Amino acid sequence: MSEQIKNDQELRREEELKLLESESINPYPYSFDKTHSTLDILNEYTDDNADKFKNVSLAGRIVAIRRMGKASFCHIMDEVGRIQIYLKKDDLGEIYDKFRLFDIGDIIGVRGYVFRTKTGEITLHTQSLLLLCKSLKPLPVPKVEIDEAGNKIVYDAFADVELRYRKRYLDLIVNPDTREIFKKRSKLITSMRRYFDSHGWLEVETPILQPIYGGANARPFITHHNALDIDLYLRIADELYLKRLIVGGFEGVYEISKNFRNEGMDKMHNPEFTSMEIYVAYKDYIWMMEMTEDLLETLCLEINQTTEIEYNEHKISFKKPFRRAKYYDLCKEYVGRNLKDLSQKELLQIARSNNLEIDPYSSAMKILDEIFSEIVQPNLIQPTFVIDYPLEMSPLAKKHRTEPGLVERFELFVCGFELANAFSELNDPRDQRKRLEEQALQRAAGDEEAMVVDEDFLYALEVGMPPTAGLGIGIDRLTMVMTGAKTIRDVLFFPHMRPESKSK
RNA sequence: GACCCCGUAGCUCAGGGGUAGAGCAUUUGACUUUUAAUCAAAGGGUCGCAGGUUCAAAUCCUGCCGGGGUCACCA
């Protein structure tokens, strides 16, 4: 392993580190007791209750320094905010001279009393100062000005997207908006868990390494188990395992699941992504729709304190109930004609007359799907349940109770993209076998994404699964909608990146 | 995978055949309520990598690496 060539700023910081150590300052001590966060002080301090803030301690990273000879001002940042601290040689003595060796990026602990400067900023008057961590790399902290209206002006923000993703810790230190997105993401998952748990549904874990992959149409990542000498697949979905648990007698199970699909990446797709799947016994997709809109309204309220949010200049309302529209009705609405029971040739012609480029040998269902996603889907801005899909598109969904050729399925679209997918789950083992065998035929015909027959799953269905409703929600996409993020990379701490060249 | 755009100092960017530039950051000096602190001075670059054209390449050409966008597959 070769060390990289260091620049002048890095070399200087290393020298400072040695100097501090030679003056018996430990640059990496073990702990620090803080009494307050920056926000505690900023929110609670008033000029009348200054007594309560006579002796507080804070810790954080230095993000700005203004030295003025024998006194200095800094801003330090902790998880929740930033606050100004005032350092004066008279009060600090010897350590004030060592403070010359402190830099932007260093983490310090300070103790003192809170006051208001003559320009009005709530500030900690520091009476003792402790280095908690010396930073050896220069940080890309931008200059921040607050104008008279209270607006924040950021100069030269750290904006290089590649660096922001590769070195996310820098992005998190330097761009407070980035942290807010991830706090919302966590809050969303916590709220979702709370919602499910309050209904008595059980959070479970199922295998990520699977001998047979299933539950979705996608190409898997393949890995190898040495001891057993068999190939295993990273799960593309956890659906078939969760249904086995319903067979086993649990009446409500959910899993927040990292899934892996060996496919392209773009602003809606990452090779590993998070979905939530839930299965509830004795329910159907109608019930699931009601649960889903209640869940999303609740989540949106808990995260954003409102059911109205903005995305891409659209005002989105998560107030329930959401619009419900049948798949073929929407096709008729946006394409201008009924697409049900049309032949492959007719569909191909319609696709072409709508300027869609389609492989002429595609199946009728593939063409229909293409027409739907190109022509209908972009119009589904407000939360919309699309219901009653063609049977051929949904090998794990139960046949519609009244409409032949359709299944009891809905997908939820918001802002033009798919957020959720749900069925009345197919529990007739004979029908399920038939549908999986059809998938196997498509697979044999070259469709690499078609499903594989999972005999053990069929055995489970033969043992018997109660009527069940199932739902999957794309957590990354839901986070995008809830935070206004335009790319999935902005809601993943560490989005997948091509490795940098080997020389590094 | 195809096409288009981008890669210059720690950060944000200018320069686009003739000695490598600015602001912030950094260093030194001054300054005990500043806040994009200020004032004075200084240091800092394999111009993504490798070839080619040229008297001369950060600049033009080719290939490669990385990123972004559009398209295709997919949630």
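Naming: A, B, ... by sequence-line order, numbering from 1 per chain. Computed from a prediction, not measured in an experiment: that's the story for all the values here. All values below were derived from every heavy atom in this structure, side-chain atoms included, with hydrogens, water molecules and symmetry-related copies excluded.
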Kindly say whether, by distance alone, the side chain of D266(A) makes a donor-acceptor pair under 3.5 Å with the base of rC73(B)?
->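 By the distance-only test, yes, there is a pair.
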Indicate, yes or no, whether a donor-acceptor pair under 3.5 Å links the base of rU33(B) to the side chain of E121(A).
->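 For E121(A), whose side chain was compared with the base of rU33(B), there is no donor-acceptor pair (under 3.5 Å).
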Could you say whether the aromatic ring of Y155(A) and the base of rA36(B) stack, counting only centre distances under 5.5 Å and plane angles under 30°?
->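 Given the distance and angle limits, yes, they stack.
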Judged by modelled atom types alone, do T468(A) and E425(A) share a side-chain donor-acceptor pair under 3.5 Å?
->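 Short answer, no.
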With a 3.5 Å limit on both atom pairs, tell me what [N] is paired to, counting Watson-Crick and G-U wobble, or say none.
{"N": "rC64(B)", "result": "rG48(B)"}
{"N": "rA58(B)", "result": "none"}
{"N": "rG29(B)", "result": "rC39(B)"}
{"N": "rG1(B)", "result": "rC71(B)"}
{"N": "rC24(B)", "result": "rG10(B)"}

Take atom [atom1] of [X] and atom [atom2] of [N], then tell me their distance rounded to the nearest Å.
{"X": "E162(A)", "N": "rG67(B)", "atom1": "CD", "atom2": "C1'", "value": "4 Å"}
{"X": "R489(A)", "N": "rG67(B)", "atom1": "CZ", "atom2": "P", "value": "9 Å"}
{"X": "F115(A)", "N": "rU32(B)", "atom1": "CZ", "atom2": "P", "value": "16 Å"}
{"X": "D91(A)", "N": "rU33(B)", "atom1": "CG", "atom2": "P", "value": "12 Å"}
{"X": "I173(A)", "N": "rC11(B)", "atom1": "CD1", "atom2": "C1'", "value": "14 Å"}
{"X": "E15(A)", "N": "rU26(B)", "atom1": "CD", "atom2": "C1'", "value": "13 Å"}
{"X": "N7(A)", "N": "rG43(B)", "atom1": "CG", "atom2": "C1'", "value": "12 Å"}
{"X": "R66(A)", "N": "rA37(B)", "atom1": "CZ", "atom2": "P", "value": "5 Å"}

Cationic tip of R409(A) within the cone over F423(A)'s six-membered ring, i.e. under 6.0 Å and within 45° of the normal?
->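 Judged by the rule, R409(A) and F423(A) form no cation-pi pair.
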Sidechain-backbone polar pair: E277(A) side chain, G472(A) backbone, donor-acceptor under 3.5 Å |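 Absent.
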More than 12 heavy atoms from other groups under 6.0 Å of NZ on K326(A) |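 No.
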Indicate, with a heavy-atom threshold strictly under 4.0 Å, whether N421(A) touches base, sugar-phosphate, or nothing.
->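 Nothing, no nucleic acid heavy atom in range.
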Counting any heavy atom closer than 4.0 Å, what does K137(A) reach on the DNA or RNA strands: base, sugar-phosphate only, or nothing?
->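 Nothing, no heavy atom under 4.0 Å.
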Using the six-membered ring wherever Trp is involved, compare the ring planes of H125(A) and Y113(A) and label them parallel, tilted or perpendicular (cut-offs 30° and 60°).
->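 Parallel, since the angle between the ring planes stays under 30°.
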